[in-house]
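Whatever order the structure lists them in is the order used to number ligands and atoms, beginning at 1.
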Amino acid sequence: GRMLEPAEIIQELNGLFKPDRYLAGQKILITAGPTQEAIDPVRYISNRSSGKMGYALAKQAKLAGAEVVLISGPSNLEAPQGIKTIRVKTANEMFVAVKEHIFGQDIFISAAAVGDYKVKDFSDLKIKNNKENLTLTLELNIDILAWVCARKLEFNLNLITVGFAAETHDLERYAKEKLMKKGADFIVANDVSCEDIGFDSDENEVVIFSRAGMMPIQKASKEIIAEKLLREMFK
Ligand code: PMT
């Protein structure tokens with residue numbers, strides 16, 4: 001009985017009138033949003049990712065004919081119409097969901113801002129503010145993208161892997177480093193030093209890095225960036 005949001009109706013209509021289904025038959029797994037690592041039952045460590053970039057990729061991939069599964073960290077965005085969306089909180093939960101769905105996919109896009117660290121000794125009880133200083137020990141989370149790239153090699157999977165790199169400086173150097181270190185086929189680098197692009201904004205500006213070279217995509221809405229990224233990498 002509930003009417004779809006007008007934006008969703010327009011998106012569905014776009015799908016009907018857009019015959020270019022260049023991702024038809026492709027299965028795509030996308031991660032989006034932040035992760036949350038609990039400190040105690042009421043506090044957590046997270047980051048400013050809204051999920052907009054990953055959700056835009058999921059919607060555009062579906063419009064282009066792909067079968068999409070979206071694994072999303074905590075985000076205020078509604079699950080996109082017609083896309084299987086799995087909600088998780090922690091990096092470990094995201095890892096478990098990726099492990100469960102990765103085999104049989106054609107493309108993996110890791111747009112999530114996965115927390116690098118989790119709190120080592122999670123407190124079951126709320127921590128009281130009765131000390132002048134409080135020290136939290138953090139330990140590294142598993143690198144989900146690197147794990148997927150390693151499985152691709154191990155099992156000779158027919159899978160294209162795409163990571164993102166959120167950088168505040170030396171974009172090219174760090175993006176190239178991530179390409180090699182994580183073993184991805186593409187790294188999409190975004191400069192997150194400005195407020196109006198990157199984290200929690202409606203627009204983005206990116207550079208695609210691959211072993212073949214680099215390709216900048218000018219500032220635009222995340223929907224347009226997503227569409228251009230998919231065409232550039234997979235058409
Ligand atoms: O969600 P929005 O508000 O729309 O913002 C979009 C975005 C800025 C979050 C997105 O475009 C982006 O850049 N996502 C990746 C952010 C990030 O965490 O980058 P990184 O440099 O820390 O990680 C590099 C890559 O490894 C990423 O693909 C990340 O998903 C992956 N990673 C990182 C750590 C980890 N433990 N596991 C991972 O899989």
Side-chain angles (χ1 to χ4, degrees), residues 29-37 45-60 70-77 80 88-99 101-102 107-118 138-152 159-210 217 219-226 228-230 233:
L29 182 63
I30 299 175
T31 65
T35 56
Q36 283 179 3
E37 304 299 338
I45 299 174
S46 190
N47 60 65
R48 288 178 42 226
S49 170
S50 62
K52 286 178 190 168
M53 192 65 247
Y55 279 55
L57 282 161
K59 288 179 196 166
Q60 294 301 325
L70 176 64
I71 299 174
S72 172
S75 163
N76 292 330
L77 302 176
V88 297
K89 266 196 186 149
T90 65
N92 198 51
E93 286 170 13
M94 186 171 276
F95 175 53
V96 169
V98 167
K99 268 201 302 190
H101 290 85
I102 193 65
I107 297 168
F108 174 60
I109 304 180
S110 186
V114 185
D116 288 319
Y117 290 93
K118 61 172 175 274
L138 305 181
E139 62 183 0
L140 259 184
N141 274 322
I142 184 154
D143 188 320
I144 302 171
L145 174 61
W147 183 89
V148 169
C149 295
R151 297 296 77 70
K152 173 181 165 165
L159 173 73
I160 302 176
T161 52
V162 182
F164 272 72
E167 307 296 345
T168 53
H169 58 287
D170 288 334
L171 195 78
E172 181 170 347
R173 176 157 70 94
Y174 289 126
K176 284 181 174 165
E177 261 177 36
K178 279 178 188 162
L179 193 67
M180 303 319 287
K181 194 171 152 212
K182 304 207 178 211
D185 296 303
F186 296 97
I187 287 286
V188 178
N190 36 199
D191 182 342
V192 294
S193 63
C194 320
E195 282 287 314
D196 57 338
I197 52 171
F199 281 91
D200 197 19
S201 60
D202 292 332
E203 296 191 313
N204 209 355
E205 184 176 335
V206 300
V207 185
I208 307 173
F209 290 89
S210 72
I217 299 180
K219 184 172 166 180
S221 73
K222 284 183 175 164
E223 278 68 31
I224 292 176
I225 294 281
K228 288 189 171 172
L229 275 175
L230 294 172
M233 293 187 288

Element-labelled atoms of ligand 1 that are located less than 4.0 Å from some non-hydrogen atom of [X]:
| X | value |
| --- | --- |
| Gly163 | 28 (O) |
| Asp200 | 2 (P), 3 (O) |
| Lys52 | 1 (O), 2 (P), 4 (O) |
| Lys222 | 2 (P), 3 (O), 4 (O), 5 (O) |
| Gly51 | 1 (O), 2 (P), 3 (O) |

For [atom], what's the nearest protein heavy atom and its distance?
| atom | value |
| --- | --- |
| atom 34 (C) of ligand 1 | Asp116 OD1, 3.5 Å |
| atom 39 (O) of ligand 1 | Leu145 N, 2.8 Å |
| atom 36 (N) of ligand 1 | Ile142 O, 2.9 Å |
| atom 1 (O) of ligand 1 | Ser49 OG, 2.6 Å |
| atom 32 (N) of ligand 1 | Lys182 NZ, 3.7 Å |
| atom 11 (O) of ligand 1 | Asn190 OD1, 2.6 Å |
| atom 5 (O) of ligand 1 | Gly198 O, 3.5 Å |

task = Compare all side-chain heavy atoms of Asp191 with those of Glu205 and state whether any distance is below 4.5 angstrom.
result = no

If we only count N/O pairs under 3.5 Å, is [X] in contact with ligand 1?
| X | result |
| --- | --- |
| Ile144 | yes |
| Ala112 | yes |
| Ser50 | yes |
| Phe164 | yes |
| Ser201 | no |
| Met53 | yes |
| Lys178 | yes |
| Ser110 | yes |

note = A student comparing Ala166, Ala113, Ala111 should find that the heavy atom closest to atom 14 (N) of ligand 1 comes from Ala111

Are the side chain of [X] and the backbone of [Y] linked by a donor-acceptor contact shorter than 3.5 Å?
| X | Y | result |
| --- | --- | --- |
| Asn204 | Gly198 | yes |
| Lys181 | Ala146 | no |
| Glu223 | Gln60 | no |
| Asp143 | Leu145 | yes |
| Ser46 | Thr35 | yes |

If you take all heavy atoms of [X] and [Y], which pair is closest and at what distance?
| X | Y | value |
| --- | --- | --- |
| Phe199 | Asn47 | CE2-OD1, 3.8 Å |
| Val114 | Ala91 | CG1-CB, 3.6 Å |
| Ile187 | Ala165 | CG2-CB, 3.7 Å |
| Asp202 | Lys52 | OD1-NZ, 2.9 Å |

ask   = Only one of Leu29, Val148, Thr31, Ile30 clears side chain to side chain contact (heavy atoms under 4.5 Å, CB included) with Ser110; which?
value = Thr31

query = Touching ligand 1 at all, Asn47? Heavy atoms, strictly under 4.0 Å?
reply = no

task = Would you please say whether a donor-acceptor pair under 3.5 Å links the side chains of Thr161 and Asp185?
result = yes

ask   = Could you go step by step and tell me if Phe164 and Lys178 meet the side-chain contact (heavy atoms from CB on, under 4.5 Å) rule?
value = CA-CA 9 Å; Phe164 272 72; Lys178 279 178 188 162; over 6 Å; no

